[in-house]
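Computed over heavy atoms, backbone and side chain alike; hydrogens, waters and symmetry mates excluded. By convention in this document, chain letters (A, B, ...) are assigned in the order of the sequence lines, proteins followed by strands, and residues within each chain are numbered from 1.
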Amino acid sequence: MSANNNQDKRLFLLDAYALIYRSYFAFIKNPRYNSKGLNTSAMLGFTNTLEQLLNKENPTHLAVVFDVHAPTFRHEMYEAYKATREEMPEDLRKAIPWVRKIIEAYHIPILEKEGFEADDVIGTLAKKAEKEGYQTYMMTPDKDYAQLVSENIFMYKPGRGGNEVEIWGIPEVQENFEVQTPDQVIDILALMGDTADNIPGCPGVGPKTAMKLISAYHSVDGLYEHIDELKGKQKENLVEHEAQVRLSRKLAEIIQDVPVEFDESKLVMDEPNWQKLQEIFNELEFRSLSQKLAPPQPQVQQQLSFEQGTLFGEAQPAATAPTRRDDLAHIENTPHEYYLVENAMQRASLRAELSVQEEFCFDTETTGLDTHTAELVCLSFSFRKGEAYCVTLPENREEALRVVQEFRLVFGDENIRKVGQNIKYDILMLKQYDVEVNGTLYDTMIAHYLIQPELRHNLDYLCETYLGYQKVETVSLLGKKGKSQLTMRQVPLEQMKEYACEDADLTLQLKQVIDPELDKTGVRPVFEEIEMPLIPVLADMEATGVSLNTRELDAYAKVLREQIVTLEQEIKELAGEKFNLSSPKQLGPILFEKLKIDTNAKKTKTKQYSTSEEVLAKLVDKHPIVGKILEFRGLKKLLSTYVEALPQLVDAKTGKIHTSYNQAIAATGRLSSTNPNLQNIPIRDENGREIRKAFTASDENHLFLSADYSQIELRIMAALSKDPHMLEAFRNNQDIHAITASKIYKVPLEEVTSDMRRKAKTANFGIIYGISAFGLSDRLNISRSEAKELIDGYFENFSRVKQYMDECIKVARDHGYVETIKGRRRYLNDINSANAVVRGVAERNAINAPIQGSAADIIKLAMINIWNELRQRKLQAKMLLQVHDELNFDVPKEELDEVKQIVKEQMEGAVDIGLPLTIEMNAAPNWLEAH
DNA sequence: GCGATGGA
DNA sequence: TCCATCGC
């Protein structure tokens, strides 16, 4: 719907704060940031709304109205007014001056009046304009404005989530509020109240009742004149709260006599300051809006012929209507040439083209997400913008294999760079079809991970922010997640082609846009020297998999189950009742209310009793049940997460466990492991060790070789801070935790007790993991003052460490980011936050990120070098697992000496940080004995 | 401190 | 969705 436009006096009044709030929260799940870490959601949303208005409605007069932050007459009337409204988020507050700058650049007048709110100003102006013969459109999502609507005054509600704009005239107000005249909206609001504005209304009266009462009695006054006609609770409530209702009516009424002047000459639409706008958009990095400012180019519309439901059966049950943002380009309004490649001849000509490219982008569509069980459905390729090819594959595996094999040469060509989004997945899929991918790799997901580690890196998001383009949504093809979701096989061919080709085309386009950012952010060396060469290494590790002794685990499961049952009985006896002791919700009241183990028990955010390990560990002496619960929990976790789960993840084809490494999750640069997570296999307690034992070498002719860096993070901290005491300790290969204890507690090394060492060790780790004094006291079960003394003692003795930490924070404040030794960046947007807690987190990250991130850089380099060396020497040994500072291998016995030498050399020599990096290494039949 | 997983 | 627990 478009506003009536046979008028030359069409005034639009925008409620600035309401629109800004709405814009900000519209992006709350997927906030936009520019590279400086500024949250630009509000600016982007507001500008888009404004652009749509200008393009669609062509206003003759226009103004934006702001509230002034001073107590208004409503506060004087009712002090709680708007008190429940949460304080404005910091990001949003920072956005306001930007929005003002944008409005000024558009040459749109800003109106505000101290002591009055935007709705009062807008109401007054609308009425004045009406007298001058204007049609006024009040642009706001706030329904309170309905009371102002008249013949010539309309509400203009911006569209939400792809919906059309709604324009409310008198009929719409009558319909939505079930009133006869718009001013009765005030009476409705007076009765039902408004939580956002903290207008109290009458308790027990919601929208439905309010509408019913007003339609019967026409107004609040009318209602109270006939109050005796009502009865029961409703009447009681209304009588009791009459004063409150009448006050509410005053609060809800928008006043129309604000002392503002209606000067139409100042509100006339003007041409924007294009240059200024361009500057602002550049700074905010609004790429698609910037493009719109460029001189308009004729859009070539390409008509696509979809032949849905003809060749491929009926329509698609899962298909969902697309929800599009209308400020973005998409497949239907963007020229493109996407081709199906279905027969041998077409494939041959595609191969010929691919073979002469310097680089091409490819993507695979499959029947699932697990590379070990999924099948390829098609391959798509792109090497020119807007052009892509989709090679369809037969359902029969043998036939499909033959077709995929045809592309073996181009994929294997060392001289062709391969571009992809999460390319490790595609490499693993092709591996299942005996195709190796060689040549330089370029993964757009990882590129973006290095440019903006904290944000999301999925293709949809990247296309929207960098290309101003909205991809075809996966749900519109396959339907929602769940049972009824289709696989790519069931999607009609033409649709699949459009989707698959779009992926390849856009990934290639994305590469062109994102690539310069690698230089701007200085992460190109990490990208080219670490992350890209690591991809084939990880793919190889994932494909190799690790052997698991399932028989041993099954036997252990039985033992565990028996222990658990016994414990469960004992606990229930002690508690005196049956309950589900895996449920903290049920356990809490039993411990703290029935057994009264602790009279002032800690509670969680959601008002439940906290029954966490650390809480219970402190109460272990109070009641025998506590220890048993802890033991029960530990065993149960072990059983469900590992002993029972792992054997089920053994791959039927290979008989091994294949984890999957994610290279673009952890903001510090570490890898993460899923499906299963092999980076958290128990080690510390006795029970857990059985599980490590089940990870074995591939057979009796092989050994499980485990190598881990000793104290790599503390060594890095010593190197980065150049603290003389630390450096000395490491150069002399001394026990760093004991040395730390001896310094902090001012005792000779020989007199350090195990408790002192333990505390010093925790302090060391505290620094590495960036925990606060609060966290340290919690972890060591000591008071906060003792924790603070510990930390103070630490800094006194390792003053360069303290100095280094302060420097990290300063660097973060000055530049907005910190770096690892290899130039991997982490941005710390909150480093200047006014909120001390938020700022504290950022400060600890500023210290921790260079240390943890550098360790990640180092082990990744070692992995690449070892992998290359093993390959070059044509050794059979295989790298199996990475656990942050540890590498594990499956080594044929006869290769052991050679492999050990390679591993030691490459791990210790990965980089020179100015002090020795040492490793510990061991070979055994299984992981437990090797570690 | 982060990341992954299982259970209610 | 939250809570608890494993690893580094």
*Before accepting this row, confirm whether a basic side-chain N of the pair A/Lys822/A/Glu531 lies closer than 4.0 Å to the acidic partner's carboxylate O.*
no
*Considering only NZ, NE, NH1 and NH2 on the basic side and carboxylate oxygens on the acidic side, decide whether A/Asp554 and A/Lys558 come within less than 4.0 Å.*
no
*Might you point out which heavy atoms bring A/Ile851 and A/Ile716 nearest each other, and give the distance in Å?*
O-CD1, 3.9 Å
*asked:* Please find the pair of heavy atoms, one from A/Thr740 and one from A/Tyr794, that lie closest to each other, and give the distance.
replied: CG2-CE1, 3.6 Å
Taking atom [atom2] of [N] as reference, at what distance in whole Å does atom [atom1] of [X] sit?
X: A/Ile681; N: B/dA4; atom1: CD1; atom2: P; value: 14 Å
X: A/Ile768; N: B/dG3; atom1: CD1; atom2: P; value: 18 Å
X: A/Leu560; N: C/dC6; atom1: CG; atom2: P; value: 13 Å
X: A/Leu671; N: C/dG7; atom1: CG; atom2: C1'; value: 14 Å
X: A/Lys761; N: C/dC8; atom1: NZ; atom2: P; value: 10 Å
X: A/Gln663; N: B/dG3; atom1: CD; atom2: C1'; value: 16 Å
X: A/Glu454; N: B/dG3; atom1: CD; atom2: C1'; value: 14 Å
X: A/Asn888; N: C/dG7; atom1: CG; atom2: P; value: 15 Å

*asked:* Just to be sure I understand the geometry, which residues of residues 635-648 of chain A put a non-hydrogen atom under 4.0 Å away from DNA chain C?
replied: A/Lys637, A/Tyr642
Mind checking if [X] touches a base, just sugar-phosphate, or nothing, with heavy atoms under 4.0 Å?
X: A/Ala855; answer: nothing
X: A/Asp885; answer: sugar-phosphate
X: A/Thr668; answer: nothing
X: A/Ile683; answer: sugar-phosphate
X: A/Asn662; answer: nothing

*If only atom types and distance count, is the side chain of A/Tyr449 paired as donor or acceptor with the main-chain N or O of A/Ala666 below 3.5 Å?*
yes
*asked:* Is it the case that atom NZ in A/Lys656 sees more than 12 heavy atoms from other parts of the structure closer than 6.0 Å?
replied: yes
*asked:* Side chain of A/Val883, heavy atoms from C-beta onward: which of C/dC8, B/dA4, C/dA4 has the nearest atom to it?
replied: C/dC8
*C/dC8 base to A/Arg670 side chain: any donor-acceptor pair below 3.5 Å?*
yes
*Would you please classify the geometry between the A/His372 ring and the A/His658 ring as parallel, tilted or perpendicular, with 30° and 60° separating the classes?*
tilted
